[in-house]
Every structure is written in structure tokens, then in C-alpha cells.
Amino acid sequence: METYAKALVYAIPFFTGLVLFEVLYGHFVKNQKHNVMDTVSSLSSGLTNIVKDSLGLVVVLVSYPVLLKYISIFELPTTWSVWLLAFLAIDFAGYWNHRLSHHINIFWNQHVIHHSSEEFNLACALRQSISNVVGYFAILLLPAAILGIPNQVIAILAPIHLFAQFWYHTQHIGKLGWLEYIIVTPSQHRVHHAINPEYIDKNLGQILCIWDRMFGTFQEELDTVPPQYGVLKPANTWNPILINFQHIWRLIKDAWRTKSWNDKLRIWFMPTGWRPKDVREKYPMQIIKDVYHFEKYSPPASPALKVYVIFQMLFNTVLLLLMFHNYGAIGFQQLLWYGGFVFIGIYGYTTLMDRKNYALFIETFRGTLGILFIILTGDWFGIDSYIAHGSQLVMAYFVITILGGVYFSTIEKQKLVVN
């Protein structure tokens, strides 16, 4: 985990820099594909994901090394052909994992966050799950384990395979000629993120599009059908933590409300969106029917609030980078506290973005808690040892958080009501 944390010190600025480049490009060509609040929400979602992953907050059903130990038939050397075979195995497993996520109710919960943005840009690629708390991906790598592909090869290729899925989340790149028949391209992935009836649940490949073509899930982007983005049951929040658990909360409520014991059990494994008949009739749900004429989520946001939440996101990013830089010295129990502060921080300022009444309580609570933590411990997780007056800077941030919460939840909100 410490190695992963160190890698994130470089990965976070790299991906954030690419998002900024796309924002600037869109500005200069006068074809902006970013909405400030949506992009902040997307980047914040990425932060929650890397906190969860860096802390190892997942229960692994079975690991690849265990499968390799007990079911491998061969013992393959690490030749170039084995690397290629491993890549194909990971991509094949990724296709089926992705397909499960789109077609089975319980699995959709871990993927819905990625589709929740009503925009399509590099930032939405960073909307990654924190609700995937059960690790089962190794099971889909059974072919690789049977063949005896070394664990070291899988361990190196898996993160590369994940990061290689970032670039095609853009509207600024058109179709790519003959490459459209081999790899997943921006055009194909725009189709995947679209909610148009023609595009739903298509193009599930991750790097290679050959699996979609083989298994009947491929769909070309049509000039006559411009993609519309989001999910058919709109998230209606900028809070990525809430989005991560919206779907499973709906499943829990439906399972509780239905009178059929059979439906209480099977709802989890039915096709995505399936609901018991008695619940569907009594508790109708908002679903987008006309994808070309729905109102995107957009609560009031003043220029000052936009600047403020960008500041909050950037400061929380810096706090995370400091956490990863000092990962080994902090210790696991303290890392949980540190990660908790970041989670509460993201929950707080994204709730402020939603203009929720309880945002004031959250922002005041986390600001006060942060200040008390520094006063009681005399430091902010060892920051003073490598940044002069680091704790005072963090304390000043928490003071700004309290003041910001008060201003945007009361003073500015009253101005909006008056106007």
C-alpha cells in the first residue's frame, strides 16, 4: 500500500493537469465541455476513491496469487508473449466485469458513480467507486490463473490497464479510422456513456473493442444520434459519496417495501433497474424519458461559491498528497483518521454545492474538529517536521471552512432568496 501511495504523489498531479489542459483547450477553441461544479464533483469523487484504495478498505473474496497457487496447470516464464497474454486476460476479465456492472442490480451500484455526470470529459473518468467494498475481480482472471501467468505480471499490468482508460473520456477527439476496429476510442466511449435508447449498455470494452464486436455489444456513434450523458435515474447531487450509495439504498428500500419474499431475495440479482411490481406501482421513481429535453442538475452557484469550492477541492488534494508523501510514518490508525477528515471535507463542501440546509452544520463540525485535533495533538499528522508552520496553515484552512460554511449557507443564501 505504501508503494501505491507513493505512486499517487505523481499520478494525482498528472491526471489533474490533463483535466486542466482539456478545460483550457475547450476555452480557447470556444467549445467548453466542462461545468465548474460538475468537474469539482468529478475530481472530488476521484479523491474519495484513492483514499479508499490507498487504505485497502475492501474485503477480497479470493486473491489472484491464491488462485495461481491452487489451479495453475503451467508455470510460464515472463516472456513478451506472456505479457501479451496477460494483457488480453485482464482486458477480457475487464469486459465481463463491466458487463456485470451494467446488467445486474447489485453490481450496478459500484459503477453508477462513473456514469453519474451529465457531462462527458476527462474529469468524469475520475468518478470511481468507493462502494466496491467486496473484491472479486480475481475470479474473472481464472483463465490467466489456470495458464499460470505470474502474479508479478498481473500486478504490473492491472494499474497500467486502468490508467489507460482515462484518455478516451473526451468530446474533443473524433473518430480514429482503422483504430476504431481494434481499440476503444473516444467516439466509442461517448456511446457507452450515453443514455440514448440506441446506446444504452453498449461498448463495454476497456482497451480493446474486439470483445464488444465478438459478443454483440458494439455500437458505432451515429451522426444522427448525438449522445446525451448521465443516468436515467438522475443523481441530482454533486456529492460523490451520496451518489456511490444511491442505487443500493433504493434496492434496500424496495426489498423492504415489497410484500413478496421472492422479490425481496431476487431484486439484488435481477437486471439493472428491475423493481418488484407492487413497489413500482406504489412508489414511482423519476426516470428520464426524453433524453433530449431533460433539465440538468444545476442548483444556484455564484462565482464566489465556484471559486470557494475549487479552493476546497485543491486544498483537500494537497492534504492527500501530504498524506501519501508521509504514508509510512503516519501509521495505519492515524491514516484512518486522516482519510476520515478528507472524506468529511469532501462531503462538506459538495453538500454546500448542493445548497443543502445541513451544509452549515457539517462545515462547522469538521472545521471545529480539525482545529481541536491540531490543538490536542500539537501537530497535523507530523506536517511540522517537513513544512514550517504547517499545522498553523491547516488550522487557518479549518477557520476558513467554518467562515465559508456560515457565509454560503446563511448570508449568501439569504441574498439569493431576496433576489
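Worth knowing before you read on, the calculation uses all heavy atoms, side chains too, and leaves out hydrogens, waters and symmetry mates. Note that the coordinates shown come from a computational prediction; the quantities given were computed from them, not determined experimentally.
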Verify the distance criterion only: is there a donor paired with an acceptor across the side chains of T351 and E363 at less than 3.5 Å? no
Would you please classify the geometry between the Y25 ring and the F21 ring as parallel, tilted or perpendicular, with 30° and 60° separating the classes? parallel
For the CZ atom on F294, are there more than 12 heavy atoms of other groups (residues, nucleotides or ligands in this structure) within a distance under 6.0 Å? yes
Any side-chain heavy atom of Y283 within less than 4.5 Å of one from R275? yes
Close side-chain approach of I50 and I12, heavy atoms under 4.5 Å: yes
CZ of F361: more than 12 outside heavy atoms within 6.0 angstrom? no
What orientation do W211 and F92 show, parallel under 30°, tilted 30 to 60°, or perpendicular over 60°? perpendicular
Test log, rule side-chain contact (heavy atoms from CB on, under 4.5 Å), inputs T401 and R366: CA-CA 8 Å; T401 292; R366 76 179 178 101; 3.6 Å; yes
Test: K296 and E118 ion pair at under 4.0 Å: no
Residues, nucleotides or ligands: over 12 heavy atoms within 6.0 Å of F14 CZ: no
Does a side-chain heavy-atom distance below 4.5 Å link K233 with M285? yes
Identify the two heavy atoms, one from T48 and one from F343, that lie closest to each other, and give their separation to 0.1 Å. O-CZ, 3.6 Å
What distance separates S260 OG from L265 CG, expressed to the nearest 0.5 Å? 8.5 Å
Between CZ on residue F408 and OG on residue S302, distance to nearest 0.5 Å: 5.5 Å
Should D263 and W274 be marked as a side-chain contact (heavy atoms from CB on, under 4.5 Å) after you check the CA-CA gap, both sets of side-chain angles, and the distance that decides it? CA-CA 10 Å; D263 287 348; W274 182 90; 3.5 Å; yes
Crowding at CH2, W96 (>12 non-hydrogen neighbours, <6.0 Å): yes
Under 4.5 Å between any side-chain heavy atoms of C124 and N121, yes or no? yes
Side chains of T79 and S81: donor-acceptor distance under 3.5 Å anywhere? yes
Report, as yes or no, whether the 6.0 Å neighbourhood of atom CZ on F74 holds more than 12 heavy atoms from other residues, nucleotides or ligands. no
Do I113 and F245 have side chains that approach each other closer than 4.5 Å (heavy atoms only, starting at C-beta)? no
Heavy-atom donor-acceptor pair, Q32 side chain to V23 backbone, under 3.5 Å: yes
Let me confirm one number: the OG1-CG distance from T170 to L18, rounded to the nearest 0.5 Å. 10.5 Å
Is Y70 atom OH crowded by more than 12 heavy atoms from other residues, nucleotides or ligands, each under 6.0 Å away? no
Are F15 and F163 an aromatic pair by the rule of ring centers under 6.0 Å? yes
Are N105 and H247 close enough that a side-chain donor and a side-chain acceptor fall under 3.5 Å? yes
P186 and L176: which non-hydrogen atoms are nearest, and at how many Å? CD-CD1, 4.2 Å
Test side-chain contact (heavy atoms from CB on, under 4.5 Å) on L208 and Y95 and set out the steps. CA-CA 9 Å; L208 301 174; Y95 169 83; over 6 Å; no
Under 6.0 Å between ring centres, would you say that holds for Y308 and Y407? no
First locate atom CG of L314, then atom OG1 of T16, and finally report the distance between them rounded to the nearest 0.5 Å. 8.5 Å
Nearest 0.5 Å, please: how far is CD1 in I149 from CG in N151? 11.5 Å
Is it the case that the side chains of Y327 and S54 hold a donor-acceptor pair, with the cut-off being a distance below 3.5 Å and no angle test? no
On a heavy-atom basis, the closest approach of N132 and S129 is N-OG, 3.2 Å
side-chain contact (heavy atoms from CB on, under 4.5 Å) assessment of I207 paired with I90: CA-CA 10 Å; I207 301 298; I90 292 172; over 6 Å; no
Do Y297 and D354 come close enough that some side-chain heavy atom pair is under 4.5 Å? yes
We want to know whether H161 and D91 form a side-chain donor-acceptor pair, criterion being a heavy-atom distance below 3.5 angstrom. yes
Within residues 112-133 or reaching into it, pairs that qualify as ring pair (Phe, Tyr, Trp, His ring centres under 6.0 Å) - sequence neighbours excluded: H102-H115, W108-H115, H111-H114, H111-H115, H114-H169, H114-H193, H115-H192, H115-H193, F120-H169, F120-H193, F120-Y229
For a quick test of reading the model, state the closest non-hydrogen atom pair linking E180 to K175 and the distance between them. OE2-CA, 3.3 Å
Considering non-hydrogen atoms only, spot the tightest contact between I183 and C209 and give its length. O-SG, 3.7 Å
Sequence neighbours excluded, the answer for ring-ring contact (aromatic ring centres under 6.0 Å, His included) partners of Y136 is F107
Do the non-hydrogen side-chain atoms of I362 and K356 ever get within less than 4.5 Å of each other? no
Side-chain contact test, heavy atoms from C-beta onward, threshold under 4.5 Å: evaluate it for Q333 versus L336 and give yes or no. no
No-hydrogen, no-angle side-chain donor-acceptor test under 3.5 Å, S116 and R127: yes
d(R213 CZ, Q219 CD) to nearest 0.5 Å is 10.5 Å
Centre of W261's six-membered ring, under 6.0 Å away, within 45 degrees of the axis: is that where NZ or CZ of K264 sits? yes
For a quick test of reading the model, state the closest non-hydrogen atom pair linking L142 to I139 and the distance between them. CG-O, 3.0 Å
Taking atom types as modelled and ignoring hydrogens, do the side chains of H172 and E22 form a donor-acceptor contact shorter than 3.5 angstrom? no
With sequence neighbours excluded, what pairs up with F373 under the ring-ring contact (aromatic ring centres under 6.0 Å, His included) test? F341, W380, F381
